[in-house]
Amino acid sequence: FSQDSAYQFIQKQVDFGPRKPNTEAHGKTKVWLVEKMKSFGAAVIEQDFKATAYTGEQLNGTNIIAQFNPDNKDRILLCAHWDTRHISDHDPDVEDQTKPVLGADDGGSGVGVLMEIARQLQANPIGMGVDLVLFDLEDYGQGGSGSAESWCLGSQYWSRNLHAPDYRPRFGILLDMVGSKGARFTKEGLSRSYAPKVTQKVWALAKGMGFGATFVDVNTPELIDDHYFVNKIAKIPTIDIINRQENTRSGFGHYWHTQDDTMDIISKRTLRAAGQ
């Protein structure tokens, strides 16, 4: 796993600008993601859908499914979201709170890691099936006390409309905010409830690889993230690798849903820990 390659895949996404739904940058990013995954030898499905945001706005979404060994029934699912938040509602500067988030980490990092995995799967083929699913419209949810269903619109749609009949991968792993400096991946509540064996296996592997300072042996409460709906609706046992912090108001990185989610906070070492 090349941390430098993963970093460049994030940089390329950021170069498009915020990947806010219904914008030119969002559309251009989609085309690039699809073409890049195809260039790695994946069979790519574009799952287009429409969703109504909590604002009442009609959003055009596309889940991108990159399949390796699509005919093999023995499969695993790896996923991330590729859109970025439409507002910076946690920014300390009130004037910046209506601006979209650039999303180097929140969106960009998980996608960058999966793209590097795709590149490796082409260079080093394996026998089993792997599905890399990039969910859209994850981050257009209602902040504060908004409903869980206002978030993760792409994974909700995918979970109700699986891309293959009788799709039953062994398990899934979601990557969300896996690239920042000082990242701290904890054992999240839903991951422990729905896929305890997978959680233990991943954290044990990380410790054995020397990444124990990043994959910390700490339990944290459950989160509403794409894996929530993959577990609840699609019934695929799926864990969430996500950065949780102790000393911030949100429990996430200080940059979360702010204008500070830029390449400046990305760490190549964190990308390697997550990707490897």
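Fair warning: this is a prediction, and the values are worked out from it, not measured in the lab.
The pair Asp15-Lys12 does not count as a salt bridge, with every side-chain nitrogen at least 4.0 angstrom from each carboxylate oxygen. Here Asp83 does not pair with Lys20 in a salt bridge; the nearest charged N to carboxylate O distance is not below 4.0 Å.
With sequence neighbours excluded, the residues that form a ring-ring contact (aromatic ring centres under 6.0 Å, His included) with Tyr157 are Phe49. Residues forming a ring-ring contact (aromatic ring centres under 6.0 Å, His included) with Tyr140 (at least two apart in sequence, or on another chain): His86. With sequence neighbours excluded, the residues satisfying salt bridge (Lys or Arg N to Asp or Glu O under 4.0 Å) with Arg184 are Glu246. Here Lys181 pairs with nothing under the side-chain hydrogen bond (donor to acceptor under 3.5 Å, both in side chains) rule; sequence neighbours left out.
Remark: the backbone N or O of Tyr255 is not paired with any side-chain donor or acceptor of Asp260 at under 3.5 angstrom. Checked by atom type and distance alone, the side chain of Arg192 pairs as donor or acceptor with a backbone atom of Thr220 at under 3.5 Å. For Asp261 (side chain) and Ala104 (main-chain N/O), a donor-acceptor pair under 3.5 Å exists by modelled atom type. Panel note: side chain Gln3, backbone Thr270; no donor-acceptor pair is recorded below 3.5 Å. With Glu188 contributing its side chain and Ser191 its backbone, the two residues share a donor-acceptor pair below 3.5 Å. Between the Gln8 side chain and the Asp4 main chain, no donor and acceptor come within less than 3.5 Å of each other. Proximity of a side-chain donor or acceptor of Asp91 to a complementary backbone N or O of Gln97 within less than 3.5 Å is not detected. Remark: the backbone N or O of Asp136 is not paired with any side-chain donor or acceptor of Arg19 at under 3.5 angstrom.
Results of the ring pair (Phe, Tyr, Trp, His ring centres under 6.0 Å) test with His26 over Trp32, Phe16, Trp82 single out Trp82 as the only residue that passes. Checked options Val178, Ile242, Val216; the residue passing with Phe185 is Val178 (criterion: side chain to side chain contact (heavy atoms under 4.5 Å, CB included)).
The list of salt bridge (charged side-chain N to carboxylate O under 4.0 Å, His left out) pairs with a residue in residues 21-40, not counting sequence neighbours, reads Glu24-Lys28.
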Report all side-chain donor-acceptor pairs from residues 149-156 shorter than 3.5 Å, counting only partners two or more places apart or in another chain.
residue : atom : partner : partner atom : Å
Ser150  : OG   : Gln142  : N            : 3.0
Ser150  : OG   : Ser147  : O            : 2.8
Trp151  : NE1  : Gln142  : O            : 3.2
Ser155  : OG   : Cys152  : O            : 3.1
Ser155  : OG   : Asp226  : OD1          : 2.6
Gln156  : NE2  : Glu149  : O            : 2.9
Gln156  : NE2  : Trp151  : O            : 2.8

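Linking Ile, Leu, Val, Met, Phe, Trp and Tyr residues whenever their side-chain heavy atoms come within less than 4.5 Å leaves Leu59 and Trp158 in two separate clusters.
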